[in-house]
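All values derive from a computational prediction rather than experimental measurement. Order of appearance sets the numbers: ligands from 1, and atoms from 1 within every ligand.
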Amino acid sequence: MLWLGLLTLADAVAAQGFSTTMLRFGCSQVSIDRIDPLVEPGGIPSAHVHQIVGGDAFNATMPYEDISKLAKCTTCTFDQDLSNYWTANVYFKARNGSYKRVPQMVNDAIGAANGGITVYYTAPGPKTVTAFKPGFRMFTGDAMRRISANQGRNMQSCYRCYTGPNFGGNTMSPCMDPKLDTEHFPKTPCPGGIRSSVIFPICWDGKNLDSPNHMDHVAHPTSGPASFAVVNAACPPSHPVKIPQVHYEIVWDTTKFNNKNEWPADGSQPFVLSSGDPTGYGQHGDYVFGWKDDTLQHAMDNRCFGPTCRGLTTQGFDKANKCQVKTVVKEDMDGWLPALPGQHHG
Ligand SMILES: *[C@@H]1O[C@H](CO)[C@@H](O)[C@H](O)[C@H]1NC(C)=O
Ligand SMILES: *[C@@H]1O[C@H](CO)[C@@H](O)[C@H](O)[C@H]1NC(C)=O
């Protein structure tokens with residue numbers, strides 16, 4: 001069962017006619033906190049709540065240094081990956097206007113992680129991409145977006161409504177099937193939870209570790225955004241260096257919130273991003289690179305696949321789950337809240 005998902009994924013990738021290198025592994029939650037070293041460095045608290053996974057060097061400010069040397073442990077599968085990955089959280093809004101945080105659940109075939117994120121690094125084949133440099137970071141999405149980005153089968157942010165337990169038996173090819181994947185929150189209850197997917201650009205300017213909006217140093221290929229695993233498109237002259245496609249999956253355990261009698265009386269759906277977005281179009285992701293030495297380059301060059309890679313080592317979730325970052329902003333995140341933390345009532 002563990003391998004079924006991956007083999008199906010490998011088939012899907014092979015069907016596209018090229019040999020893809022694709023790491024896919026779980027990272028448990030390392031913290032839930034209201035800090036954001038990328039968009040609001042030093043801001044305590046930041047504007048909205050995040051769920052964070054990866055290394056324990058995560059902090060309100062993160063220097064442009066080799067993060068793998070600052071962190072001592074990681075919640076990710078590969079011991080060598082001390083990166084940080086984070087997104088907004090999802091909350092349920094009750095009819096009386098109170099909010100409750102929706103927990104993450106473990107993605108299929110990942111094992112006993114503590115919620116968290118499933119992370120992918122994809123390349124068109126061995127030796128086709130340049131791994132990130134120490135200090136590299138980037139952002140994708142638009143927290144202010146409330147309408148479709150109109151990317152069709154190449155959408156970079158999507159949700160899938162899992163129609164039954166075990167993810168409704170349909171976990172493959174995120175963001176590529178407009179019948180299954182939507183840029184907005186699903187409009188009906190999802191008995192198996194809701195999967196969020198966030199996909200980052202695959203071209204880099206080759207020089208900058210960051211940029212003022214945390215996006216301009218990376219770009220989409222000339223043919224437009226590259227959807228999941230379709231990563232062989234050409235990069236523009238301004239951003240000539242092909243980088244691994246970073247991609248997050250989060251499964252939100254909405255099962256406790258599926259009673260339609262508790263959903264808004266006007267028929268709308270009740271979920272909202274911690275940024276205050278009730279549509280879901282504003283989903284976004286943050287990344288700070290932190291692999292040790294050249295280990296990510298090694299993985300991308302050597303046909304590593306799924307959660308295994310010759311030359312790298314892995315840890316079990318029993319150990320990974322012990323890695324934690326102390327919460328900086330101490331506030332109630334899990335009770336019924338009169339407002340989203342950091343957001344105005346309304
Ligand atoms: C985070 O930064 C603060 C202030 O610079 C520091 O005191 C604290 O030890 C840091 N925490 C971690 C986990 O590095
Ligand atoms: C609001 O509704 C929720 C869900 O029904 C309930 O658990 C909570 O206690 C209510 N809060 C208030 C302040 O009435």
Side-chain angles (χ1 to χ4, degrees), residues 27-47 49-76 79 81-86 89-103 114 116 134-135 137 185 189-190 193-194 210 252-272 274 276 278 286-292 319-341 343-346:
C27 297
S28 287
Q29 184 176 303
V30 75
S31 177
I32 290 191
D33 208 341
R34 200 137 70 83
I35 55 175
D36 187 340
L38 191 52
V39 175
E40 300 175 75
I44 301 173
S46 65
V49 177
H50 299 101
Q51 59 135 349
I52 305 108
V53 306
D56 69 346
F58 184 79
N59 210 337
T61 303
M62 293 180 75
Y64 289 95
E65 276 168 35
D66 189 339
I67 297 302
S68 77
K69 295 194 164 68
L70 302 178
K72 294 190 172 55
C73 65
T74 177
T75 63
C76 293
D79 295 308
D81 183 13
L82 292 304
S83 306
N84 283 116
Y85 311 87
W86 68 100
N89 285 77
V90 171
Y91 284 78
F92 170 77
K93 186 178 185 184
R95 280 193 182 185
N96 61 17
S98 307
Y99 295 89
K100 179 104 169 124
R101 187 173 68 79
V102 177
N114 169 23
R137 52 206 62 194
F185 280 123
C190 302
I194 296 174
D210 195 2
W252 306 100
D253 187 1
T254 54
T255 53
K256 282 195 221 58
F257 307 103
N258 279 345
N259 182 353
K260 268 256 174 166
N261 294 328
E262 291 175 1
W263 282 36
D266 68 1
S268 60
Q269 68 82 34
F271 297 105
V272 52
S274 51
D286 299 76
Y287 173 68
V288 173
F289 170 78
W291 287 74
K292 269 195 202 313
K319 182 157 171 243
N321 293 348
K322 291 199 180 94
C323 186
Q324 289 287 296
V325 172
K326 270 218 213 98
T327 309
V328 174
V329 179
K330 304 216 166 18
E331 61 188 341
D332 184 4
M333 303 232 183
D334 290 335
W336 285 94
L337 308 175
L340 292 170
Q343 305 288 306
H344 298 292
H345 288 251

Looking only at N/O atoms, are Asn96 and ligand 2 under 3.5 Å apart anywhere?
yes

Are any of the side-chain nitrogens in Asp334 or Arg101 under 4.0 Å away from the carboxylate oxygens of its partner?
yes

Residues lining ligand 1 [heavy-atom distance under 4.0 Å, listed by chain and residue number]:
Asp56, Asn59

For a quick check under 3.5 Å, do Thr61 and Asn59 share a side-chain donor-acceptor pair by atom type?
no

Please check if the side chain of Ser46 supplies one atom and the backbone of Ile35 the other of a donor-acceptor pair under 3.5 Å.
yes

Verify whether the ring centers belonging to Trp252 and Phe271 lie closer than 6.0 Å.
no

Can a donor-acceptor pair be found between the side chains of Asp81 and Thr74 at a distance below 3.5 Å?
no

Does Asp56 reach the main-chain N or O of Lys72 with its side chain, forming a donor-acceptor pair under 3.5 Å?
yes

